Amino acid sequence: MDEVTPPRVGGIPGTTRPTRWQEAGWSGNYAERFAGLVAAGEDVDGEARLADALLPRGARVLDAGAGMGRVAAALLRRGHDVVAIEPDEALVRQARETYTGLPVEERDILDLGPEDGPFDLVVCVGNVIVYLAEGTERAALAAMRDVLAENGRILVGFHLQDPPPHARRYAPAEFEADVAAVGLRVDLRAGSYELHPANDAYGVWILSRAQA
Ligand SMILES: C[S@@+](CC[C@H](N)C(=O)[O-])C[C@H]1O[C@@H](n2cnc3c(N)ncnc32)[C@H](O)[C@@H]1O
């Protein structure tokens with residue numbers, strides 16, 4: 001296992017390396033799209049339903065790269081103890097306004113330390129992994145590993161085909177090599193949050209510590 005210390009280079013003001021999300025300038029479109037879906041009462045809870053199925057009642061959950069807070073809020077409604085972290089200031093504001101009572105911190109995954117845990121589940125869904133700052137994937141995986149409870153798990157999901165603008169392409173084999181390099185293991189790979197079989201279009205992974 002490689003020793004990976006998360007560098008302090010993430011997408012927060014005053015740091016050196018922007019996330020691909022910041023480079024994309026995509027925040028406004030995403031914010032507007034999800035505000036519209038929430039206002040229209042559309043289903044935006046798919047990822048949260050799978051996350052909830054992985055957890056005992058009243059579990060401790062970190063939503064890493066929470067965006068406008070939809071997944072974290074859905075898990076809070078299901079009775080979990082949830083913390084959302086998100087480095088994009090505008091999205092932090094939107095999450096706090098949309099979901100009053102949801103704890104949202106303006107923070108980068110790379111700034112997490114073991115003292116922030118332990119969490120039963122870290123949720124890192126909706127393409128967060130492919131919008132990290134270039135070259136920080138292993139550090140981000142290691143930072144999430146370090147906040148896991150003893151039997152904690154990480155739920156990750158991202159597009160494999162046609163990634164959204166400015167997102168990287170992350171082949172499953174490369175992702176799984178990075179997972180193994182930081183001492184995590186793949187418990188499950190599926191093709192959707194409803195656990196369809198693995199496919200080339202979308203990847204959903206459940207990860208845990210290789211040696212619990
Ligand atoms: C497509 S949005 C998804 C947001 C949310 N997870 C959802 O599914 O609605 C991608 C998010 O990844 C976040 N992100 C990218 N790099 C990050 C990092 N290093 N730490 C935390 N969040 C990050 C962006 O700020 C953005 O909110």
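Because the structure is predicted, anything quoted here is derived from the model rather than measured. We count residues from 1, following the sequence as given. Ligands are counted one by one from 1 in listed order, and the atoms in each one are counted from 1 as well. No hydrogens, no waters, no symmetry mates; every other heavy atom, side chains included, goes into these values.
Pairs of residues two or more places apart, or lying in two chains, that qualify as ring-ring contact (aromatic ring centres under 6.0 Å, His included) and include a residue from residues 27-77 are Trp21-Tyr30, Tyr30-Phe34.
Shown in contact with Gly67 at under 4.0 Å from a heavy atom are these atoms of ligand 1, numbered in order with element: 4 (C), 5 (C), 27 (O). If you number the atoms of ligand 1 from 1 as listed, the ones under 4.0 Å from a heavy atom of Gly126 come out as 1 (C), 2 (S), 3 (C), 8 (O). Interface atoms of ligand 1 facing Leu91, defined by a heavy-atom separation under 4.0 Å, are 27 (O). For ligand 1, the atoms closer than 4.0 angstrom to any heavy atom of Pro87 are 20 (N), 21 (C), 22 (N), 23 (C), 25 (O).
For Arg93 and Asp88, the salt-bridge test fails: no basic side-chain N is under 4.0 Å from an acidic carboxylate O. Between Glu105 and Arg96 there is no salt bridge, since no side-chain nitrogen of the basic residue lies less than 4.0 Å from a carboxylate oxygen of the acidic one.
The side chain to side chain contact (heavy atoms under 4.5 Å, CB included) search around Ala31 returns Leu91, Gln94, not counting sequence neighbours.
Taking the six-membered ring for Trp and the full ring otherwise, the centers of Tyr170 and Phe158 sit less than 6.0 Å from each other.
Residue contact check for ligand 1: Leu110 places no non-hydrogen atom closer than 4.0 Å to it.
Closest heavy-atom approach to atom 19 (N) of ligand 1 within the set Asp108, Ile109, Val71, Ile85: this belongs to Asp108.
Heavy atoms of Val128 found under 4.0 angstrom from ligand 1 belong to the backbone as well as the side chain. In Ala66, the part holding a heavy atom less than 4.0 Å from any atom of ligand 1 is the backbone.
For Arg70, a nitrogen or oxygen atom sits less than 3.5 Å from a nitrogen or oxygen atom of ligand 1, counting backbone and side chain alike. By the 3.5 Å distance cut-off applied to N or O atoms, Glu86 is counted among the residues near ligand 1. In terms of polar-atom proximity, Ala133 is not counted as a contact of ligand 1, lacking any N or O under 3.5 Å from an N or O of the ligand. Backbone and side-chain nitrogen or oxygen atoms of Tyr30 are examined, and one is located within less than 3.5 angstrom of a nitrogen or oxygen of ligand 1.
Atoms CG and SG, from Leu132 and Cys124 in turn, are 6.5 Å apart once rounded to the nearest 0.5 Å.
Enclosure of atom CG in Asp43 by more than 12 non-hydrogen atoms of other residues, nucleotides or ligands within 6.0 angstrom is indicated.
Within the 4.5 Å cutoff, the side chain of Arg107 has heavy atoms near those of the Leu112 side chain.
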